[in-house]
Enquirer: 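Supplied in structure tokens, the structure appears directly below.
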Amino acid sequence: MAKAIRHTGIMANLKSDFLRILTERGFVHQCSDETGLDVLAAKGKVVAYVGYDCTAPSLHVGSLISIMMLHWLQKTGGKPIVLMGSGTTRVGDPSGKDETRRILTTEQIEANKEGMRQAFSKFLKFGTGKTDALMSDNAEWLVPLNYIAFLRDVGRHFSVNRMLAMDSAKLRIDREQELSFIEFNYMLLQAYDFVELARRTGCNLQMGGSDQWGNIVNGIDLGRRMGTDQLYGLTCPLLTTASGAKMGKTASGAVWLNEAQLSAYDYWQYWRNTEDADVERLLKLFTTLPLNEIEKLGALGGAEINEAKKVLATEATALLHGSEKAAAASETARKTFEQGALAQDLPTLQVSNAELERGIGVLTAFVQAGLVKSNGEARRQIKGGGLKVNNTTIADEKVQLTTADLVEGDVIKLSLGKKKHVLLKPL
């Protein structure tokens, strides 16, 4: 194990814009050698990667913090590498998981990879220049591996004792949950990714969430044993809200980055609904606003904090979906909440005209609209006065929605509380 690996506190006397910006904005959790990395970054010689396994058709907000780290690296003269993990996805990362991941087919992995790639171009400039981002895929070197040769050349550098002590393995063992042999090999493959990228591209830094610290350390140590130049590791905190909830999860599911999975309006609403205590921190992490402006917004109190939340929502949405869609989402929210109007660009659920003529149960309508997960949840919301149709609170769970309920624009407005709305529209 490389002796230089250690946790870090707040970095002082930084020479590089890269580490200074990341530290000031709250991205830094652990660093293997901040002094050495700072010197390298000040010379514009950092080539850094973050790996993303292809487990879903879109990235979600949980991945956004590491994407922003790559964004700031490029802005400060470094070269970012996005590593698509279609090779490691075939194995499955056990980090932070209580049970074995579902094994995906090669076709599913490829489809997920194509979906995930969409978000990166919004935050990074790809090309062939010195600081242009590079996209790679570890299947290129993992799939053709000769297993015996891999064990001989790479596996011999790993201690099973140390591997069993890693959090990713220890969690499963302590909870008496199965850890498959294929998953146990994941840490070898990720370490080998770092070495292979170092050899192919000159990559010298791996970044990721703090749950990847052990895997990153393994890569640094493997590089030393296999003769690469000095490698470095940098992790960001795993984000939770001020109330302790994991960021990126809502009652209706993950906050996806692709618009096919989550509309720009719903993405804007996610940030608008930020807890008061989180506003300044999230402005630093997920916008590019100057820090002095962020400090002013963070200092707002009372009802004024809502203005800071709107700035956060609009700036974060503009980075991902563009300024026009961010402005449209902001205007839709203003019309809906501040003027009480029926904004036509709210999320829409389409139903057949014949179905609406026959009548749709109100419970069914709210479930299909995604505002509640089940009929039982809808009933509980009705008892608490939480569901509305066309701004009128529902008191009877047996209500049927029909064409008689259509209002301006031939839609029916379904609302959960004051902030979540879907338009039911006949085909």
Enquirer: Flag the pair Y267 / V255 as yes when at least one side-chain heavy-atom distance between them is below 4.5 Å, and no otherwise.
Expert: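 Yes, their side chains come closer than 4.5 Å.
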Enquirer: Under a 3.5 Å cutoff, is there a donor and acceptor pairing between the side chains of E315 and T287?
Expert: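 No, because no side-chain N or O of E315 sits under 3.5 Å from a partner of the opposite role on T287.
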Enquirer: Thinking salt bridges, do K309 and D276 make one under a 4.0 Å N-O criterion?
Expert: yes
Enquirer: I'd like to know if E293 and K296 make a salt bridge, using a cut-off of under 4.0 Å between side-chain N and carboxylate O.
Expert: no
Enquirer: Any sub-3.5 Å donor-acceptor pair from D38's side-chain atoms to K15's backbone N or O?
Expert: yes
Enquirer: Answer with yes or no whether the side chains of Y49 and T201 bring together a donor and an acceptor at under 3.5 Å.
Expert: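 No, because no side-chain N or O of T201 sits under 3.5 Å from a partner of the opposite role on Y49.
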Enquirer: Got more than 12 heavy atoms from elsewhere within 6.0 Å of NZ, K122?
Expert: yes
Enquirer: Checking Q212 against N215: is there a side-chain donor and acceptor pair closer than 3.5 Å?
Expert: yes
Enquirer: Could you tell me whether a side-chain N or O of N204 sits under 3.5 Å from a main-chain N or O of K45, the two making a donor and an acceptor?
Expert: yes
Enquirer: Salt bridge between E259 and K325, side-chain N to carboxylate O under 4.0 Å?
Expert: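 Judged by the 4.0 Å cut-off on N to carboxylate O distance, E259 and K325 do form a salt bridge.
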Enquirer: Please say whether more than 12 non-hydrogen atoms of neighbouring residues, nucleotides or ligands are located less than 6.0 Å from CD in Q350.
Expert: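 Count over threshold, so yes.
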Enquirer: Is there a donor-acceptor contact under 3.5 Å from the side chain of T131 to the main chain of G78?
Expert: no
Enquirer: Return the orientation label for the F123 and H71 ring planes: parallel under 30°, perpendicular over 60°, tilted otherwise.
Expert: perpendicular
Enquirer: We want to know whether T314 and W268 form a side-chain donor-acceptor pair, criterion being a heavy-atom distance below 3.5 angstrom.
Expert: yes
Enquirer: Main chain of A191, side chain of N218: is a donor-acceptor contact present, judged purely on distance under 3.5 Å?
Expert: no
Enquirer: Is it true that the side chains of H29 and T235 contain a donor and an acceptor less than 3.5 Å apart?
Expert: no
Enquirer: Which donor-acceptor pairs under 3.5 Å do side chains of residues 133-143 form with protein atoms, sequence neighbours excluded?
Expert:
from	atom 1	to	atom 2	distance (Å)
D137	OD1	S86	N	3.4
D137	OD1	S86	OG	2.7
D137	OD1	A139	N	3.0
D137	OD2	S86	OG	2.8
D137	OD2	K113	NZ	2.8
N138	OD1	G87	N	2.8
N138	OD1	T88	N	3.4
N138	ND2	T88	OG1	3.0
N138	ND2	D193	OD2	2.9
E140	OE2	R200	NH1	2.9
W141	NE1	D193	OD1	2.9

Enquirer: Are there more than 12 heavy atoms of other residues, nucleotides or ligands under 6.0 Å from atom CG of D229?
Expert: no
